[in-house]
Amino acid sequence: MGYSVLGLIKLRRGKRAQTTVEIAFVFVGIVVLFAAIMQIWFWSNKQIVLRQESYNAKRVEAGTSSDNYILQWPPTYTPEELTENKVLRGE
Amino acid sequence: MIYLNKKGQAVAEMAIFGTLILLVFGVLLSFMQQFNDRQYVQMEAFRRALEKANSYTGDAEDGAGASVQYTLVQNRHQINLAGGYRQGNNVTQTGSANVYWAIPKSEKGSSADSLLVFKVNEDEGVFKYNDYIPEPHRRTDEDGNERPTYWVLQTENMNTESDTLFNETNVKNEDTYAITNQKTSRLKDDIVTAVPYKIVEKKSSDNDYEGPTIEEGILYEVKQGVYFDSDGQYKYSQSNTGNEVVRGKTWVTPF
């Protein structure tokens with residue numbers, strides 16, 4: 001378990017080492033968690049762009065008048081799978 | 001004794017910091033859902049307006065076409081950070097589009113109808129502008145000349161009333177072989193969406209002038225209930241009013 005930074009200075013040498021190791025582990029965990037959250041955020045933003053592209057691809061059909069007009073909705077788009085590799089390794 | 005206190009402080013610090021990280025993650029998730037839903041609603045409103053304008057024939061026989069003011073209202077279920085197990089939160093997303101598309105009618109010199117269309121979740125209401133404004137009070141007369149005073153139909157802000165019932169049960173059974181946990185949530189959510197309108201007098205010489213209210217009321221009102229569709233999404237429809245969505249999970253921890 002980590003100690004407060006000011007407290008570290010006053011602690012014994014052995015405790016300080018333990019705290020340093022714990023902080024190192026926690027810091028790595030926090031960075032990984034933050035990176036994973038950002039990857040999910042990027043994935044979500046990318047879906048908005050991809051969906052817009054597939055929507056725009058149908059604009060000529062949607063804007064052409066005909067007697068047997070077909071509603072161009074929903075867009076033919078399948079969201080990208082959000083995998084563990086994508087979230088944790090950014091692949 | 002000093003070490004014990006310091007340890008306690010560190011645990012408290014981590015508990016607060018961890019909660020903050022989870023809170024930030026939850027808020028980000030909520031934003032993701034909102035951005036996605038908003039995009040869907042705006043896209044759909046325009047495509048449906050195109051379809052309605054192109055396909056509407058009305059009473060006249062001069063082919064299809066209309067001037068459409070399309071409003072799409074969707075109640076989406078979003079995460080609720082403070083809610084119970086699968087409780088969610090009902091968020092209303094609105095998109096609108098205006099389309100004037102009457103090629104066959106224009107070719108034959110016929111005027112296209114003006115429509116107000118409200119699609120609330122899965123139910124649609126179509127209203128013809130001229131049904132509310134009698135001929136002597138329309139903006140132009142039969143020869144196309146502008147009248148000095150005329151009536152206009154204005155829709156007001158939509159009213160939404162929701163009646164939500166949610167409860168959550170946890171059942172835990174222990175025997176000599178395993179611990180069985182069962183978690184169940186029950187959600188009942190009825191929403192009444194109403195679109196008020198009023199008819200007011202206008203002057204062609206003064207755009208800012210708004211005369212007395214001639215008439216006011218509710219243009220479209222619909223009551224809808226929540227259901228869980230086959231794609232795994234919560235949706236609302238008139239035919240599901242009073243419906244209860246029951247979801248749950250069971251997990252067993254063997255010894």
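The structure displayed is predicted, hence computed values, not measured ones. Only this structure's heavy atoms are used, side chains among them; waters, hydrogens and symmetry mates stay out. Residue numbering restarts at 1 for every chain, and letters A, B, ... go by the order of the sequence lines.
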Highest number of heavy-atom pairs under 4.5 Å with chain A: which of [options]?
options: F25(B), F35(B), Y40(B); answer: Y40(B)
options: E51(B), E44(B), Q33(B), K52(B); answer: E44(B)
options: I103(B), L28(B), N36(B); answer: N36(B)

Surrounding [atom1] of [X] (heavy atoms of other residues, nucleotides or ligands, distance under 6.0 Å), is the total greater than 12?
X: R247(B); atom1: CZ; answer: yes
X: L20(B); atom1: CG; answer: yes
X: Q233(B); atom1: CD; answer: yes
X: N157(B); atom1: CG; answer: no
X: Y77(A); atom1: OH; answer: yes
X: K86(A); atom1: NZ; answer: yes
X: N170(B); atom1: CG; answer: yes
X: K128(B); atom1: NZ; answer: yes

Between W73(A) and F46(B), ring centroids under 6.0 Å: no

Ring-face cation contact, Y55(A) with R47(B), 6.0 Å cut, 45° max: yes

Closest heavy-atom pair and its distance - [X], [Y]:
X: F17(B); Y: I30(A); value: CE2-CD1, 3.4 Å
X: N54(B); Y: S65(A); value: OD1-OG, 2.9 Å
X: A62(A); Y: W101(B); value: O-CH2, 3.5 Å

How long is the straight-line distance from [atom2] of [Y] back to [atom1] of [X], given to the nearest 0.5 Å?
X: R48(B); Y: Q72(A); atom1: CZ; atom2: CD; value: 12.0 Å
X: R51(A); Y: Q39(B); atom1: CZ; atom2: CD; value: 4.5 Å
X: I21(B); Y: I37(A); atom1: CD1; atom2: CD1; value: 7.0 Å

Could you check M32(B) against I40(A) for side chain to side chain contact (heavy atoms under 4.5 Å, CB included), going step by step and ending with a plain yes or no? CA-CA 9 Å; M32(B) 282 178 210; I40(A) 295 172; 3.5 Å; yes

